[in-house]
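For the single chain, residues carry numbers from 1 onward in sequence order. Atoms within a ligand are numbered from 1 in the order they appear, just like the ligands themselves.
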Amino acid sequence: MSDQVTLTRDGEIAVVTVENPPVNALGAAVRQGLYKAMEEIDADDAIKAAIIIGSGRTFPAGADIREFGQPPQPPGLSEVCTRIEDATKPVVAAIHGTALGGGLEISLGCHYRIADPKGRVGLPEVLIGVLPGAGGTIRLPRVAGIAAALDIMISGRQVGAKEALSLGILDRLADGDLLDSAKSYARELVAEGAGPRKTSERSEGLGTDAENAAALEAARNGIVKKAKGLYAPARMVDSMEYSLTHSLQDASNYERDCFMECLKTPQQKGLVHAFFAERASAKVPENGRADPRPLSKIGVIGGGTMGAGITVAALNAGLEVTMVERDKGSIDRGRNNVEKVYARDVEKGRKTEEQKAAIMARYTPSTSYDDLGDADLIIEAVFENMDVKKEVFAILDKVAKPGAVLASNTSYLNIDEIASATSRPEDVIGLHFFSPANIMRLLEIVIPSNATDDAIATGFDLAKKMKKVPVRAGLCDGFIGNRILGKYATAAAYMVEDGASPYAVDEALVNFGYPMGIHAMGDLAGLDIGWSNRKNKAATRSNDARYNGTIADRLCENGWFGQKTGKGWYVYKEGDRRGTPNPDAEKIIDEARRDLGIAPREFTEDEIIRRYLAAMINEGAKVLEEGIALKPSDIDVTFLFGYGFPRYRGGPMKYADMYGLENVLNDLREFEKEDPKFWKPAQLIIDMVEKGESFDDLNKRAAS
Ligand code: 3HC
Ligand code: NAI
């Protein structure tokens, strides 16, 4: 067949095994192997039925995404699916692991499907900016119905085997060993004389013409809400609709055309970049050099917003957690903060009381640091104050067992200085979680000067256990995320002072793809955080830099901290999380402009985005230059998972590549004329433009 597809025989049953680790992606060699296997099976009279199965951990999990955009190599996946469907003997797909995308399409090309009860199926193409391109839009609705098929495709969700069985996608679940069950099934089919059953010719999933039309229309209307800004979902509906009235050949050609159109979009490039960037972020030198230390018991200091969220994340990862607070009242609040997360889960039917009790049994609240003696890793999440943190670390130094990793969740403070309060700075790292810590997937792993490789590897192991996306960050004010945020937030503040309405800035950002604008976000997080940060830094602020807090300070001086006070940039009605523009804020803005002697000017949406992104990309380049981030894709991952950057744009550095680095530099040069200090282009950008390089080139270099 090919190195990646083997054909063996067990009596009259042929077993075709795909072996292309790790996920049996359907690259050219696999496609050729499957095609040839079908030819051989058809030509061999001794074979009465065939099984297609994946070796290792999964049935094929999809097309090989790395081949996208490369010259196509025959046979195409669609051709392979149809070749399987055209086989003259019954072909059974035996599914375990994840039959996704092209994998599910291969199984729909088969005539019968059996799965391991833990198996999952899905068409996640939407997550990488395309539609199923090998018959998925044609065959899935024929067994599962239009509404279910579109739901699966537009959401990209993975469907468990039991649900897939009830939807008609699977014919049966395996009882015991999958291959044995599949062989029994195939033998039954032979004994019954059940021949090939082409999915493309079935129709039991479909409704009447009117019902089908209504389901298509409902999906079209729902896309605006469910798949905001994405191009592929509408093409899925088009392709499915087309397939209802055309031959398999024509429908396949139409689906292929839609697929090729999607491949040309920047969205597809952004989403594929995001897919690989997410997987590349855990590949750091320290992980290659050292094994993580054992990790089962965690200590958390502080039960406030972050301490409680981190505790829930750790409990959900199956770890034991001891939380330490200052006094009885504080630990009661801490425990309550944890408990209410699970109480809500029970209320929403996501967990039973028993499950909640089993989780809470792994949680120990305490007011004594002595209870941390057996913790493998301790995460400090107390007030953002250097003296308090140093005091805590001095105590941890005394109580923690040798080899325990000591971590700080500080947002900005110098972790080298925190580590200096201990006698073991080699065990100290930064673990910067994002709020709410049990939900947000980003975890910045901050590397202070003395941390050892195995302490750092333990941080990455924790991220894996918690299913977080880790990003390695060097030490500086704000690390990767908050440091860059500081720059583009300043660019936004300047625009508002200079004449842009904060609501226009937010609208531009939402149109760009953000879930909310920066001012709405500030209201949500609390404007007092930035205010206190500005006050803390007032003494060390350089005199020649333009101040960025005039307007925000005045809002805070009025006691308007955003949602929690009902007023900020926006006003919020009781219980309402969506605000309307605050007329008093608009008055403050006018006054501030007058006091600063600024004659307000117009900003187009285009200029707002150019300034916002130029500030972000420029600081990103400086973060790279200084080695704070190891590669551009780590910055992308930080903003995708921690700051709401639209995934389909790939992240700020990928966006820079697609917008053109030369255009970024031109924008910076233009803005530099008005404020040379703030807009000074990063030397890295200047050098890259000169050499004609892209951030993707740097990513490739980092991977090699
Ligand atoms: N193509 C190429 N490489 C792939 C791949 C794919 N479809 N799917 C996974 N990989 C690679 C990953 O990049 C990773 O590589 P690395 O080890 O070098 O970093 C490796 O396989 C393992 O992947 P994960 O780390 O993600 O492993 P998990 O066990 O956590 O997850 C998975 C497994 C659920 C299969 C997950 O990898 C996944 O969701 N993959 C993508 C599935 C997908 O999108 N399929 C549709 C593809 S498009 C298609 O089929 C088009 C068709 O309609 C024509
Ligand atoms: P918080 O004020 O909600 O909680 C801090 C908790 O620490 C309080 O419950 C307090 O009682 C406790 N505490 C203070 N001193 C203590 C001590 N000596 N021993 C034990 N407990 C003590 O603060 P929050 O928001 O949880 O922040 C904690 C840390 O996390 C800060 O360093 C902050 O910068 C960082 N952080 C905060 C984020 C946020 O969005 N709130 C995001 C990421 C990091």
In the protein, which heavy atom is nearest to atom 17 (C) of ligand 2, and how far is it?
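Looking only at protein heavy atoms, the one closest to atom 17 (C) of ligand 2 is Arg326 CG, 3.5 Å.
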
What's the shortest distance from atom 23 (O) of ligand 2 to any protein heavy atom, and which residue and atom give it?
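Nearest protein contact, heavy atoms only, for atom 23 (O) of ligand 2 is Thr305 N, 4.7 Å.
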
Quick one: does [X] get an N or O within less than 3.5 Å of an N or O on ligand 1?
| X | value |
| --- | --- |
| Ile65 | yes |
| Ala63 | yes |
| Pro132 | no |
| Gln158 | no |
| Ala61 | yes |

Lys/Arg N to Asp/Glu carboxylate O, [X] vs [Y], below 4.0 Å:
| X | Y | result |
| --- | --- | --- |
| Arg472 | Glu286 | yes |
| Glu255 | Arg139 | no |
| Arg647 | Glu278 | yes |
| Lys700 | Asp696 | no |
| Asp332 | Arg335 | no |
| Lys390 | Asp387 | no |
| Glu79 | Arg256 | no |

Does [X] have more than 12 heavy atoms from other residues, nucleotides or ligands lying within 6.0 Å of its [atom1]?
| X | atom1 | result |
| --- | --- | --- |
| Glu19 | CD | no |
| Lys118 | NZ | no |
| Lys464 | NZ | no |

Decide whether an N or O pair under 3.5 Å exists between [X] and ligand 2.
| X | answer |
| --- | --- |
| Met306 | yes |
| Glu325 | yes |
| His432 | no |

Using a distance threshold of 4.0 Å (strictly less than), state whether [atom] has a protein heavy-atom neighbour.
| atom | result |
| --- | --- |
| atom 9 (C) of ligand 1 | yes |
| atom 30 (O) of ligand 1 | no |
| atom 19 (N) of ligand 2 | yes |

Give the C-alpha distance, both sets of side-chain angles, the deciding distance and a yes or no for ring-ring contact (aromatic ring centres under 6.0 Å, His included) between Phe434 and Phe641.
CA-CA 9 Å; Phe434 287 70; Phe641 288 94; over 10 Å; no

Who's closest to [atom] heavy-atom-wise, of [options]?
| atom | options | answer |
| --- | --- | --- |
| atom 36 (N) of ligand 2 | Ala525, Gly526, Ser411 | Ser411 |
| atom 4 (C) of ligand 1 | Asp64, Leu131, Val23 | Val23 |
| atom 19 (O) of ligand 1 | Lys283, Glu125, Glu67, Glu278 | Lys283 |
| atom 28 (C) of ligand 2 | Leu431, Val388, Val382, Asn409 | Val382 |
| atom 5 (C) of ligand 2 | Gly302, Ala381, Gly307 | Ala381 |

Under 4.0 angstrom from ligand 2, any heavy atom of [X]?
| X | answer |
| --- | --- |
| Tyr369 | yes |
| Lys389 | yes |
| Glu391 | no |
| Phe383 | yes |

Regarding Ser330 and Asp327, is there a side-chain donor-to-acceptor distance under 3.5 Å anywhere?
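Yes, Asp327 and Ser330 have a side-chain donor paired with an acceptor closer than 3.5 Å.
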
Check each heavy atom of Val324 against ligand 2 and say whether those closer than 4.0 Å belong to the side chain, the backbone, both or neither.
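Backbone only.
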
Hey, is Phe433 touching ligand 2 through its side chain, its backbone, both or neither, going by heavy atoms under 4.0 Å?
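Backbone only.
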
Centre of Tyr412's six-membered ring, under 6.0 Å away, within 45 degrees of the axis: is that where NZ or CZ of Lys537 sits?
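Yes, cation above the ring, under 6.0 Å and within 45°.
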
Geometric cation-pi criterion Arg279 and Phe275, 6.0 Å radius, 45° cone
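The answer is yes; both the distance and angle limits are met.
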
Do you know which two heavy atoms are closest between Gly133 and Glu105, and how far apart they sit?
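Reported closest heavy-atom pair: N-OE2, 3.4 Å.
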
I'd like to know if Gly136 contacts ligand 1, where contact means a heavy-atom distance under 4.0 Å to any ligand atom.
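Judged by the 4.0 Å heavy-atom criterion, Gly136 does not count as contacting ligand 1.
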
How does Thr98 reach ligand 1, if at all, at less than 4.0 Å between non-hydrogen atoms: by side chain, backbone, both, or neither?
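The part of Thr98 near ligand 1 is the side chain, not the backbone.
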
Indicate, as side chain, backbone, both or neither, the part of Ile128 found under 4.0 angstrom from ligand 1 when only non-hydrogen atoms are considered.
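It is the side chain that gets close, since no backbone atom is under 4.0 Å.
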
